[in-house]
S.K.: 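Pasting in a structure now, in C-alpha cells, and then I'll have a few things to ask.
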Amino acid sequence: MQKITLNVYRFDPDLDQEPYWKSYELPGREGVTVLEVLFEVLEHHDGSLAFRYSCREAICGACAMYINGSHRLACKTQVSHLGRVLWVSPLPHMRVIKDLVVDMDPFFEKYKLIKPYLLSNSKPPEKERYQSPDERRYIDEMISCILCGSCYSSCPSVWTGEHYLGPAALMWAYRFTADGRDEGDAERLNLTAQEGGLWRCHTIFNCTEACPKNINLTHSIQQLKKKAAARVLGGK
Amino acid sequence: MYRPKQLKENADLSLRNIPVGMWGWILQRITGLLLVFYLMLHILVVSVAMWGGQESFDRWMHGLHNPVLLTLELGLILTVIYHALNGLRIVLFDLGYGIRAQRQVFAAVMVLTALIFGYSLYVIVPYIY
C-alpha cells in the first residue's frame, strides 16, 4: 500500500504561542485505522503527541476527533476510506488542552445536570422494574450513545451559547423521559424546558450529521420539546 | 482539578464542510435579517411619500418604478419565498414530521423555491422590461 500523509493539529500550551499543523509521511498498510496511524507517530516519530483513546472498538467515545472535515471516532475510521492524505484535529469549538486532547468538562457537567439516572419515588418491586421488549426497542437508538462529544462540538447553538445544555444532554433527558420505569419526567422538563435548554435548539441537524453512532439526536430533542409544549398547553 | 495555562479553540471555517441542515439555518438567518431591513425601508419610504398627500405619493411611486429597483424587487421575492418555505419546514419538524428525512425535506424546499421563483420571473420580467 502507498504511503500516508498525516497532518496533525499540534498545540502545547507550555511551548507554543499558536497552534500549528505538522505533517508526517507514514507507511500504509491494509486495514489501518486513524488511531493506529496516530500510534505510529507516537511510537516512531514524536512521543510528545497527545490524544485520548481507550477501547479501540467504538464503544468508549474517547477518541472522537475531527478527521478530514467530519466528526469521527479515530478507532473505527479506516484510512482507506479517506484517501491517502489525513487531516486530524481536535473536536472543533472546544478548548484544546494539548494537541488532540480537548476540555470535556463542560460537556460532562451539562450531562450530569439533567440527572442521567433512574429517578423513582415508588418502592422498588420485589423482582426487577419491568420493561417490555417494545419499550426497550424504543430507546435502543438513544442508549447507543457513547458520550464522545461529537454532537456537542458540532452544534452552532453550543458555539454561541455558553450555558446551552447541548444535544447529548437533551437527548439523554429524553432517553429517561421515554423510559417507562422512570418517574422523573416533570423534574427533567423543569431542567430542560428553559432558556439554556430545549428552546435554544434551532433544528440545524448538525448533531445528527456528526454522530458517529448514527443517532438522530434532533428527533429526541424534538420529542422533548413536544412534551414541554404539551405540558404548558394542558395536554398529556 | 488541572486547568491548562492557555486554551485555544479550534474551528473549521471551510464552507464545503457545512452540512445541509446548517445551510438551511444560515440562509434563514440571512433572509430574515434582509426582510427586517426591507420592512423598515418600506415603512420609511411609504411614510415619507405620504407626507405631501396623494400627489406626492403618486410622484414617489412613479419615481420608484425604474428597472433597477424592480430588478432588486426580484431579489425580495426570492428572499420571501425561501424564508417562508424554510419556515414551514421548521414548523413541520416542530410538529414531529420529516425529522428522519431532513435532507430530502430541505431538497424539497429548494426545489419548491426554484419553481415558485421561476413562475414569478415568468410573470414579472415582461412587466419590468
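A, B, ... follow the sequence lines: proteins, then strands. Residue 1 opens every chain.
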S.K.: I'd like to know whether OH of A:Tyr20 has more than 12 heavy-atom contacts from other residues, nucleotides or ligands below 6.0 angstrom.
M.R.: yes

S.K.: Check this for me: B:Met50, atom CE, are more than 12 non-hydrogen atoms of other residues, nucleotides or ligands nearer than 6.0 Å?
M.R.: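 Counting other residues, nucleotides and ligands, CE of B:Met50 stays at 12 neighbours or fewer.
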
S.K.: Assess whether atom CZ of B:Arg103 is packed by more than 12 heavy atoms of other residues, nucleotides or ligands within 6.0 Å.
M.R.: no

S.K.: Take atom CZ of A:Phe108 as the centre, draw a 6.0 Å sphere, and report whether it contains more than 12 heavy atoms from other residues, nucleotides or ligands.
M.R.: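 Buried by this count: over 12 neighbours within 6.0 Å.
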
S.K.: At their closest point, which heavy atom of B:Asn10 faces which heavy atom of A:Pro90, and how far apart are they?
M.R.: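 The answer is ND2-O, 3.0 Å.
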
S.K.: Which residue out of A:Glu141, A:Lys225, A:Lys98 racks up the most heavy-atom pairs below 4.5 Å with chain B?
M.R.: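 Of the candidates given, the most pairs with chain B belong to A:Glu141.
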
S.K.: Verify the neighbour count for atom OH of A:Tyr53: are there more than 12 heavy atoms of other residues, nucleotides or ligands below 6.0 Å?
M.R.: no

S.K.: If I measure from the heavy atoms of chain B, does A:Pro156 come under 4.5 Å with its side chain, its backbone, both, or neither?
M.R.: side chain

S.K.: So A:Tyr66 and B:Asn17, side chain to side chain contact (heavy atoms under 4.5 Å, CB included) or not? Walk me through it.
M.R.: CA-CA 11 Å; A:Tyr66 196 71; B:Asn17 290 332; 3.8 Å; yes

S.K.: Any residues in residues 191-214 of chain A near chain B, with a heavy-atom distance under 4.5 Å, and which are they?
M.R.: A:His202, A:Thr203, A:Ile204, A:Phe205, A:Asn206, A:Glu209

S.K.: Over all heavy atoms of both residues, which pair between B:Ala11 and A:Pro92 is shortest? Give the atoms and the distance, please.
M.R.: CA-CB, 4.3 Å

S.K.: Considering heavy atoms only, which positions within residues 81-100 of chain B lie below 4.5 Å of chain A?
M.R.: B:Arg89, B:Ile90, B:Phe93, B:Asp94, B:Leu95, B:Gly96, B:Ile99, B:Arg100

